[in-house]
Amino acid sequence: MGSREGRQVHGVVVKLGLLADLYVQNSLIRCYGACGDLSCAGKVFDEMVVRDVVSWNSLISGFMKAGHFDEAISVFFRMDVEPSIATLVSVLAACARNGNLCTGKGIHGVIERRFKVNLVLGNAMLDMYVKNGCFYEAKKMFDELPTRDIVSWTIMITGLVQSDHPKESLELFSMMRTLGISPDAIILTSVLSACASLGTLDFGTWVHEYINQRGIKWDIHTGTAIVDMYAKCGCIEMALQIFYSMPQRNTFTWNALLCGLAMHGLVHEALDLFEVMTISGVEPNEITFLAILTACCHSGLVDEGRKYFENMSKLYNLLPKLEHYGCMIDLFCRAGLLEEAVELARTMPMKPDMLIWGVLLNACTTVGNVELSHRIQDYILELDHDDSGVFVLLSNISAINQRWSNVTRLRRLMKDRGVKKAPGSSVIEVDGKAHEFVVGDISHLQTEEIYKVLNLINSVYHESH
DNA sequence: GTAATCATCT
């Protein structure tokens with residue numbers, strides 16, 4: 001039922017004088033929530049005199065469906081009746097999706113004290129920890145679950161892939177298979193994603209064949225994952241074949257193919273495909289333009305890059321993000337347009353990150369433009385004086401350039417700016433030994449010691465190139 | 001009531 005029908009039913013309910021009935025009210029909230037009409041759902045909810053747990057759950061579900069996770073959590077905190085298991089499951093899902101570890105932990109505490117954990121609730125907690133990057137807690141919880149189902153395994157495997165541990169995710173998948181658990185289309189989607197990031201064509205192909213042989217019903221998610229896997233593994237032919245055989249494709253599917261083409265240097269194919277995509281009426285998103293700009297970047301298509309970058313906001317109403325600016329800056333650098341690159345970095349609406357500064361400084365080093373390199377370092381120090389990460393970067397550059405006088409200058413600047421905190425440290429491995437380079441410590445080191453650290457970075461740099 | 005696909009530049 002759509003929102004319009006919901007309103008009609010609402011009207012009839014009012015006429016019949018049934019609006020005061022709790023069950024009728026709850027059903028209306030559910031109905032409005034399910035079709036995304038949150039203002040009507042909220043209105044019914046607000047006008048209720050007596051609310052039960054179902055009323056609250058229905059409102060929370062409405063916010064979840066609409067992707068308003070913060071609101072879902074805030075409704076939970078306003079509850080004046082005892083939450084049910086279903087409430088906790090929904091709110092844990094909200095904490096998983098918006099990264100609210102604090103609330104999630106609080107709910108975990110409440111559950112331990114007052115509820116009996118069932119499978120679904122256990123999975124919801126597991127997912128909350130995994131999505132918040134707490135793998136220690138997650139593993140403990142996974143090991144201690146009285147029963148595990150395919151969802152529990154999927155949460156762990158997906159979490160590992162998404163936090164950049166595809167190898168471990170495949171190991172866990174093998175373990176699952178050893179235990180005789182049959183994979184479904186959903187878990188195979190994540191397994192394909194792991195294969196894609198590892199570039200393991202043989203395993204990816206096995207998954208594809210497994211799906212075919214077992215007659216596992218696959219949908220647009222799985223299809224996209226297969227396209228992505230083949231594209232990333234360099235089998236563009238297979239990627240195209242699957243792509244065209246799919247009954248439906250969405251922006252993600254097109255993006256998978258576009259990224260694959262861009263990644264393998266098939267620049268004109270990527271640009272052509274983008275045209276077909278727009279003609280087909282599929283809306284590009286930020287990732288689409290990232291793929292397109294990358295393609296331009298790889299073959300030095302400056303004018304085309306500029307055009308697509310402009311069209312992003314002009315034609316598609318997409319605001320370029322940090323990554324798009326990074327791509328453009330890299331494109332300018334590769335084309336030798338260093339001044340333009342620096343200008344874009346200075347005028348972009350958000351603060352450039354270390355990667356962007358690194359690209360710029362690296363470009364200066366490549367062409368031997370010491371003057372511009374110094375100017376960039378001054379901008380960085382103006383902008384990011386409280387971020388000690390920049391000092392690692394600048395020290396790196398100084399070390400690479402063998403300009404030790406700069407190190408002294410940096411050390412003085414750090415002292416002047418009062419940089420003490422060390423949010424990050426670089427661990428450098430030399431001869432199998434890990435050396436930790438903590439930025440905040442540098443100001444307390446003797447000049448000779450700084451030289452040692454920088455030499456170390458320098459030697460690592462040359463080893464890796 | 002819980003699980004899934006796309007992501008540039010060192």
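Keep in mind the model is a prediction, meaning the values are calculated, not measured. Atoms considered below: every heavy atom in the structure, side chains included; atoms not considered: hydrogens, waters and symmetry mates.
With a 4.5 Å cut-off on side-chain heavy atoms, A:Arg177 and A:Met175 do not count as touching.
Under the 3.5 Å distance criterion, with hydrogens and angles disregarded, a donor-acceptor pair is assigned to the side chains of A:Ser152 and A:Asp149.
The two residues A:Pro83 and A:Phe115 make their nearest non-hydrogen contact at O-CZ, 3.5 Å.
Computed from coordinates, the A:Asn250 CG to B:dA7 P distance equals 13 Å when rounded to whole Å.
Ring centers of A:Phe45 and A:Trp56: under 6.0 Å apart, within the cut-off.
None of A:Leu240, A:Leu273, A:Val267 except one satisfies the side chain to side chain contact (heavy atoms under 4.5 Å, CB included) rule with A:Leu261; the exception is A:Leu273.
Put simply, the side chain of A:Thr294 and the base of B:dT8 share no donor and acceptor less than 3.5 Å apart. Taking only distance into account, the side chain of A:Asp330 never meets the base of B:dC9 through a donor-acceptor pair shorter than 3.5 Å.
The phosphate of B:dT10 has OP1 or OP2 within less than 4.0 Å of a side-chain N or O from A:Arg334. Phosphate proximity of B:dA4 to A:Lys131: present, with a side-chain N or O under 4.0 Å from OP1 or OP2. Distances shown here put a side-chain N or O of A:Arg97 below 4.0 Å from the OP1 or OP2 atom of B:dA3. Note on A:His298: every side-chain N or O is 4.0 Å or more away from OP1 and OP2 of B:dT8. Applying the 4.0 Å criterion to OP1 and OP2 of B:dA7, one finds that A:Lys232 has a side-chain N or O inside that range. For A:Thr251 and B:dC6, the shortest distance from a side-chain N or O to OP1 or OP2 is not below 4.0 Å.
Near DNA chain B, meaning a heavy atom under 4.0 Å away, there are no residues from residues 196-204 of chain A.
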